[in-house]
K.L.:
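Submitted below is the structure of interest, expressed as structure tokens.
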Amino acid sequence: MNVCSCGKPAHATLCTECTREVVTHLRTLATGGVLRIRVHQKRVHVPAVLDDAGETTAAATVRVEQEFRTDSRPGLYELLIDTLARRDHTGNDSIGAVAGASKYEVDFHGKAAELKDTIDELIITWTADVAARNGRPITATTVRGAAAWLAAEPKLIAAHPDAAKFADQLHKVVRSAWKVIDRAPDKVFLGQCGGDQLPCEEDVYALPGQPVVQCRACGAIWDVAERRDFLLSKVDEQLATPPEITRALAELGLNITVDVIYGHIHRGHLTRHPPHPLDARARPRYRVGDVRDILNTGTDREAS
């Protein structure tokens, strides 16, 4: 039995907890994960059906189809590059455009550039070394891809003789990167513009704290609070797992932790429903509206 650099027993160079932290850091660099999954309605025009004589046998209609769309958060490495060039996430559509300047200039972020070089060298060096030691082919062609490749090989990382050094270096650069990036707050999804009233199908977003928002496509003005309440009423009857409920409500401005939900489940405050038929883990689901009721009433049931 070995001893990890953190002092805990380990079967390899790193203990399970430190290995898990390394994997988390690598995944953070590679991708920010799923921000939200949206059900998008699409109106499809169905033409009229004519018989051989040219007579209409079925009138033209409009069929509404639903499709799932996923919004992903940018990974830490992508955010670092954005900060380096002062683009996108800093709220500027152009890359470092200076108002009133005689020409466009790139607003270069020296610290971000230094961190990027350090991360590039660290990830590329370790990916090549781990692959060579274990005879594994490297399929990644980018630094983000290499980070994802390493994250998928936790046992190989934990067994590496210099794993503790890598874990320490990775922790430091990830912590530094979070301090350097200049990230705008995530926007709140308010559904499709038209709903059941207007033909506009544009997705509407608002910044946290923004009272009204205007549709970019048709110019319609929406009250953010009313739109949020409308969306919440639509999800009340949905069944979801506690982590899914936490993420969904957070995107609509309601914060409740997974631990709080599990606490109410343990005390019998939430009714258990069957898992989704496609869920291989067969996790029980709970009604979103029941969780909302707990938030709305503000009832402290800890003592019950």
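Numbering starts at 1 and runs along the sequence shown.
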K.L.:
Output yes when a side-chain donor or acceptor of Thr118 lies under 3.5 Å from a complementary backbone atom of Glu114, and no otherwise.
P.N.:
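Yes, Thr118 side chain to Glu114 backbone: donor-acceptor pair under 3.5 Å.
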K.L.:
Does the side chain of Asp290 come under 3.5 Å of the side chain of His264 through a donor N or O and an acceptor N or O?
P.N.:
no
K.L.:
Would you check if Trp222 and Leu190 make a side-chain contact, meaning some heavy-atom pair closer than 4.5 Å?
P.N.:
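Contact flag for Trp222/Leu190 side chains = no.
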K.L.:
Between atom CZ of Arg272 and atom CG of Leu239, what is the distance when rounded to the nearest 0.5 Å?
P.N.:
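The CZ atom of Arg272 sits 13.0 Å away from the CG atom of Leu239.
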K.L.:
Would you say Ile138 and Tyr77 are hydrophobically clustered, going by side-chain heavy atoms of ILVMFWY under 4.5 Å?
P.N.:
no
K.L.:
So for atom CD, which belongs to Gln210, do other residues, nucleotides or ligands contribute more than 12 heavy atoms lying within a distance under 6.0 Å?
P.N.:
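Enclosed.
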K.L.:
Do Asn2 and Thr13 come close enough that some side-chain heavy atom pair is under 4.5 Å?
P.N.:
no
K.L.:
Would you name the heavy atoms of Pro242 and Ile265 that are closest together and state the gap between them?
P.N.:
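Nearest pair, atom of Pro242 first, then Ile265: CG-CD1, 3.9 Å.
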K.L.:
Using a 4.5 Å cut-off on heavy atoms from C-beta on, say whether the side chain of Ile294 contacts that of Leu270.
P.N.:
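Yes, side chains in contact.
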K.L.:
Going by salt bridge (Lys or Arg N to Asp or Glu O under 4.0 Å), name the residues that satisfy it together with Asp223, two or more places apart in sequence or in a different chain.
P.N.:
none
K.L.:
Rounded to the nearest 0.5 Å, how far does SG of Cys15 lie from CD of Glu21?
P.N.:
9.0 Å
K.L.:
Provide the closest heavy-atom pair for Pro243 versus Val258 in the form atom of the first, atom of the second, distance.
P.N.:
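Answer, listing the atom of Pro243 first, then Val258: CA-CG2, 3.9 Å.
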K.L.:
Are Leu76 and Val23 connected, step by step, through hydrophobic side chains (Ile, Leu, Val, Met, Phe, Trp, Tyr) whose heavy atoms are closer than 4.5 Å?
P.N.:
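No; tracing contacts between hydrophobic side chains, which count when under 4.5 Å, never links both residues.
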K.L.:
Taking all non-hydrogen atoms of both residues, which atom of Ala151 and which atom of Arg27 are closest, and how far apart?
P.N.:
CB-CG, 3.8 Å
K.L.:
Crowded around Gln214 CD? As in, over 12 foreign heavy atoms under 6.0 Å?
P.N.:
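Counting other residues, nucleotides and ligands, CD of Gln214 exceeds 12 neighbours.
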K.L.:
Judged by atom type as modelled, is there a donor-acceptor pair below 3.5 Å linking the side chain of Arg144 to the main-chain atoms of Ala30?
P.N.:
yes
K.L.:
Taking the inter-plane angle between the rings of Phe166 and Trp126 on a 0 to 90° scale, is it parallel (under 30°), tilted (30 to 60°) or perpendicular (over 60°)?
P.N.:
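The rings of Phe166 and Trp126 lie parallel, inter-plane angle below 30°.
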K.L.:
Calculate, to the nearest 0.5 Å, the distance between atoms OG1 and CG belonging to Thr19 and Leu156 respectively.
P.N.:
11.0 Å
K.L.:
For the residue pair Trp178 and Thr28, establish whether any side-chain heavy-atom pair is separated by less than 4.5 Å.
P.N.:
yes
K.L.:
What's the spacing between Arg292 CZ and Ile256 CD1 if we round to 0.5 Å?
P.N.:
12.0 Å
K.L.:
Which heavy atom in Val224 sits nearest to a heavy atom in Ala206, and how many Å separate them?
P.N.:
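Smallest interatomic distance, heavy atoms only, reads CG2-CB, 3.9 Å.
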K.L.:
Give a yes or no answer on whether the side chain of Asn134 reaches the backbone of Arg136 with a donor-acceptor pair at less than 3.5 Å.
P.N.:
no
K.L.:
Measuring from Glu202:CD to Arg216:CZ, what's the distance to the nearest 0.5 Å?
P.N.:
5.0 Å
K.L.:
Only counting residues at least two apart or in another chain, list the ones meeting side chain to side chain donor-acceptor pair (under 3.5 Å) with Thr241.
P.N.:
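Scan of Thr241 (side chain to side chain donor-acceptor pair (under 3.5 Å), adjacent residues dropped) gives Glu244.
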K.L.:
Please name the pair of heavy atoms, one in Arg227 and one in Cys193, separated by the smallest distance, quoted to 0.1 Å.
P.N.:
NH1-O, 3.4 Å
K.L.:
Report the distance from atom CD of Glu153 to atom NZ of Lys155, rounding to the nearest 0.5 Å.
P.N.:
10.0 Å
K.L.:
Just wondering, do Leu14 and Cys4 contact through their side chains at under 4.5 Å, heavy atoms?
P.N.:
yes
K.L.:
Quick one, Ile261 and Tyr286 - any side-chain contact, counting heavy atoms below 4.5 Å?
P.N.:
no
K.L.:
Go through the steps to decide whether Ile123 and Leu26 satisfy the test side-chain contact (heavy atoms from CB on, under 4.5 Å), and finish with yes or no.
P.N.:
CA-CA 9 Å; Ile123 298 300; Leu26 290 168; 3.7 Å; yes
K.L.:
If we only count heavy atoms from C-beta on, is the Asp236 to Arg287 side-chain gap below 4.5 Å?
P.N.:
yes
K.L.:
Give the cluster check for Val46 versus Val49: same hydrophobic cluster or not, with ILVMFWY residues linked at side-chain heavy-atom distances below 4.5 Å.
P.N.:
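Cluster IDs for Val46 and Val49 differ.
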K.L.:
With the side chain counted from C-beta on, respond yes when Leu29 and Val173 share a heavy-atom pair under 4.5 Å apart, and no when they do not.
P.N.:
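Sidechains of Val173 and Leu29: no contact.
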K.L.:
Can you get from Leu249 to Phe230 by hopping between Ile, Leu, Val, Met, Phe, Trp and Tyr side chains that sit under 4.5 Å apart?
P.N.:
yes
K.L.:
Between the side chain of Thr56 and the main-chain N/O of Ala59, is any donor-acceptor distance below 3.5 Å?
P.N.:
no
K.L.:
With ring-ring contact (aromatic ring centres under 6.0 Å, His included) as the rule and sequence neighbours excluded, what pairs involving residues 6-31 come up?
P.N.:
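Qualifying pairs, neighbours excluded: His25-His171.
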